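Provided herewith is a single structure, encoded as C-alpha cells, for subsequent inquiry.
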Amino acid sequence: MTALVDPALSRWQPWAAMVEDFGGPEQMHGSGYWHLDGDPVPTRAGCAAFVTMTEATSTADVDGTRVPSTYFWIAAEDGDPDDDLVGFLHLRHTLNAWLFEQGGHIGYSVRPGARRRGHAVRALALGVHAAGRLGIDRVLVTCDLDNEASRRTIEAGGGQLEDEREGRLRFWIPTAG
Ligand SMILES: CC(C)(COP(=O)(O)OP(=O)(O)OC[C@H]1O[C@@H](n2cnc3c(N)ncnc32)[C@H](O)[C@@H]1OP(=O)(O)O)[C@@H](O)C(=O)NCCC(=O)NCCS
C-alpha cells in the first residue's frame, strides 16, 4: 500500500534514510527542497529545517510567485508512525502562469530504492483525491517529453494529454467520477 502523510519531525529517521537514498536533491521533484537554505541534510536537524520550510511555504504566496500548496511525504504502507518513507508529493492549490504552462498542480518523486512498485501511481491517485477535497475539479500534471516513468504514471492515473509546451507534456486528470 501507499499513503500520503504530513511532514513531521517525528518521522525524521525514515525521512533521513529516504534523503540518503535519493543521493542528492536533483530528482526530488515535489519535495520543495529548493526553498531550503542549501540542500536537505539527512539528520534530525535537517529534517526539522525541512518541516519548517514546508510549513512556511504551504499556506502563503510567500514571495509573490508561489501559490498556496500542501506538501506530503509518501509512506510505504498505511501511514503509521513507523512506516518507511518512499517519496514526496506537492499539491499546488491554484495555477499561476508558470504552473499552467509547465509545472502543473502536482509534482512527485519516489526514492530510487522503492521505484517500480506502484508507489507513484497510488500516490498520484491520492494526490488527485486530495485536490478534489479542496474543490479543484481537474488537476494539471506535467512531465518532460523523455520522462517515460512519469508519463506512464500520469497515464495510469487517467491523465488526458492536452498538448506539449517547451518540452513538457501537459495532462489533465478529473478529480471526481
Ligand atoms: C517518475 C517516478 C515518480 C515513478 O515512480 P515509481 O514509483 O517507480 O512508479 P510506479 O512504480 O508507480 O510506475 C508507474 C509507471 O511507470 C512505469 N515505469 C516506472 N519506472 C520506469 C522506468 N524507469 N522506465 C519506464 N517505465 C517506468 C511503470 O511500469 C508504470 O507504468 P505502467 O503502469 O504502464 O506499468 C520515479 O521514477 C521518480 O521519482 N523519478 C524521478 C523524479 C521524477 O521524474 N518525478 C516526476 C517529475 S514530472
Side-chain angles (χ1 to χ4, degrees), residues 1-5 7 11 14-36 39-40 42 50 53-54 57-58 65-67 69-79 83-131 136 138-175:
M1 277 301 104
T2 305
L4 297 182
V5 299
R11 296 185 188 269
W15 178 87
M18 171 170 67
V19 168
E20 281 193 341
D21 190 17
F22 270 108
E26 293 77 17
Q27 295 205 32
M28 290 168 56
H29 297 272
S31 68
Y33 76 84
W34 51 89
H35 301 315
L36 278 176
D39 290 348
F50 200 100
M53 177 276 296
T54 64
T57 60
S58 63
T65 61
R66 294 178 217 148
V67 302
S69 66
T70 309
Y71 292 91
F72 295 105
W73 293 343
I74 304 171
E77 302 293 338
D78 55 7
D83 260 11
D84 271 346
L85 295 177
V86 295
F88 299 97
L89 186 140
H90 186 208
L91 169 61
R92 276 79 72 165
H93 301 180
T94 59
L95 299 175
N96 60 22
W98 183 83
L99 290 170
F100 183 77
E101 295 285 328
Q102 294 282 306
H105 283 100
I106 294 178
Y108 47 80
S109 54
V110 170
R111 62 192 279 182
R115 288 182 187 164
R116 305 209 81 151
R117 296 182 200 161
H119 285 304
V121 170
R122 290 189 292 273
L124 178 58
L126 292 167
V128 169
H129 188 69
I136 301 168
R138 59 177 192 154
V139 294
L140 180 68
V141 190
T142 69
C143 67
D144 286 338
L145 265 176
D146 61 357
N147 192 339
E148 185 182 354
S150 188
R151 178 178 57 73
R152 288 175 65 166
T153 298
I154 298 167
E155 288 172 350
Q160 297 292 314
L161 180 66
E162 179 170 273
D163 59 12
E164 180 234 314
R165 300 187 192 187
E166 296 177 28
R168 299 280 289 178
L169 297 172
R170 299 169 67 257
F171 297 84
W172 292 95
I173 305 177
T175 58

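What you see is a predicted model, and the numbers here were worked out from it, not measured in a lab. Whatever order the structure lists them in is the order used to number ligands and atoms, beginning at 1.
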Heavy-atom count check: over 12 atoms from other residues, nucleotides or ligands less than 6.0 Å from Gln160 CD?
no
Number the atoms of ligand 1 from 1 as they appear, then name those within less than 4.0 Å of a heavy atom of Gly118, with their elements.
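Here the atoms of ligand 1 in question are 10 (P), 11 (O), 12 (O).
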Report the nearest protein non-hydrogen atom to atom 45 (N) of ligand 1: residue, atom name, distance rounded to 0.1 Å.
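Its nearest protein heavy-atom neighbour is Tyr108 O, 2.9 Å.
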Option of least heavy-atom distance to atom 34 (O) of ligand 1 (set: Arg122, Arg151, Arg152)
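Of the listed residues, Arg152 has the closest heavy atom.
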For atom 33 (O) of ligand 1, grab the closest protein heavy atom and report residue, atom and distance to one decimal in Å.
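Its nearest protein heavy-atom neighbour is Ala156 CB, 4.0 Å.
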Looking only at protein heavy atoms, identify the closest one to atom 26 (N) of ligand 1 and say how far it is in Å.
Arg116 NH2, 3.5 Å
Ligand 1 atoms in contact with Ser109 (distance to a heavy atom under 4.0 Å):
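In order of number, 39 (O), 42 (C).
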May I ask you to decide if Ala76's main-chain N or O and Asp84's side chain share a donor-acceptor pair within less than 3.5 Å?
no
Nearest-contact summary for atom 39 (O) of ligand 1 - protein heavy atom, Å:
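Sorting protein heavy atoms by distance from atom 39 (O) of ligand 1 puts Val110 N, 2.8 Å first.
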Parallel under 30°, tilted from 30 to 60°, perpendicular over 60°: which one fits the rings of Tyr71 and His35?
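Because their plane-to-plane angle is over 60°, the rings of Tyr71 and His35 count as perpendicular.
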Of the choices His119, Gln27, Met28, Arg115, which has the non-hydrogen atom that lies closest to atom 38 (C) of ligand 1?
Arg115
Tell me, which protein residue and heavy-atom name are nearest atom 16 (O) of ligand 1, and how many Å apart are they?
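Going by distance alone, atom 16 (O) of ligand 1 is nearest to Ala149 O, 3.3 Å.
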In ligand 1, which numbered atoms sit nearer than 4.0 Å to a non-hydrogen atom of Arg117?
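Counting atoms of ligand 1 from 1, those under 4.0 Å from Arg117 are 11 (O).
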Heavy-atom nearest neighbour in the protein, as seen from atom 12 (O) of ligand 1, with distance rounded to 0.1 Å:
Val121 N, 3.0 Å
Using heavy-atom distances only, which candidate in Cys143, Ser150, Ala120 approaches atom 7 (O) of ligand 1 most closely?
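It is Ala120 whose heavy atom sits nearest to atom 7 (O) of ligand 1.
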Looking only at non-hydrogen atoms, the one of Glu148, Glu26, His29 nearest atom 47 (C) of ligand 1 is His29
Evaluate the ring planes of Trp172 and His105, with Trp represented by its six-membered ring, and classify them as parallel (under 30°), tilted (30 to 60°) or perpendicular (over 60°).
perpendicular
Between CG on residue Leu140 and CZ on residue Arg168, distance to nearest 0.5 Å:
9.5 Å
For Gly24, is there any backbone N or O sitting under 3.5 Å from a side-chain donor or acceptor partner on Asp39?
no
Students should be able to answer this: which protein heavy-atom is nearest to atom 44 (O) of ligand 1, and at what distance?
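In this structure, atom 44 (O) of ligand 1 has Asn147 ND2, 2.7 Å as its nearest protein heavy atom.
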Is a donor on one side and an acceptor on the other found under 3.5 Å between the side chain of Arg170 and the backbone of Gly104?
no
Under the 3.5 angstrom rule, does the side chain of Ser109 hit a backbone N or O of Gly30 as a donor-acceptor pair?
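Judged by distance alone, no pair lies under 3.5 Å.
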Thr142 near ligand 1 by a heavy-atom separation under 4.0 Å
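Right, Thr142 reaches ligand 1.
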Result of checking Tyr33, Trp15, Phe50 against Phe88 for ring-ring contact (aromatic ring centres under 6.0 Å, His included)
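Of all the options given, the one that passes is Phe50.
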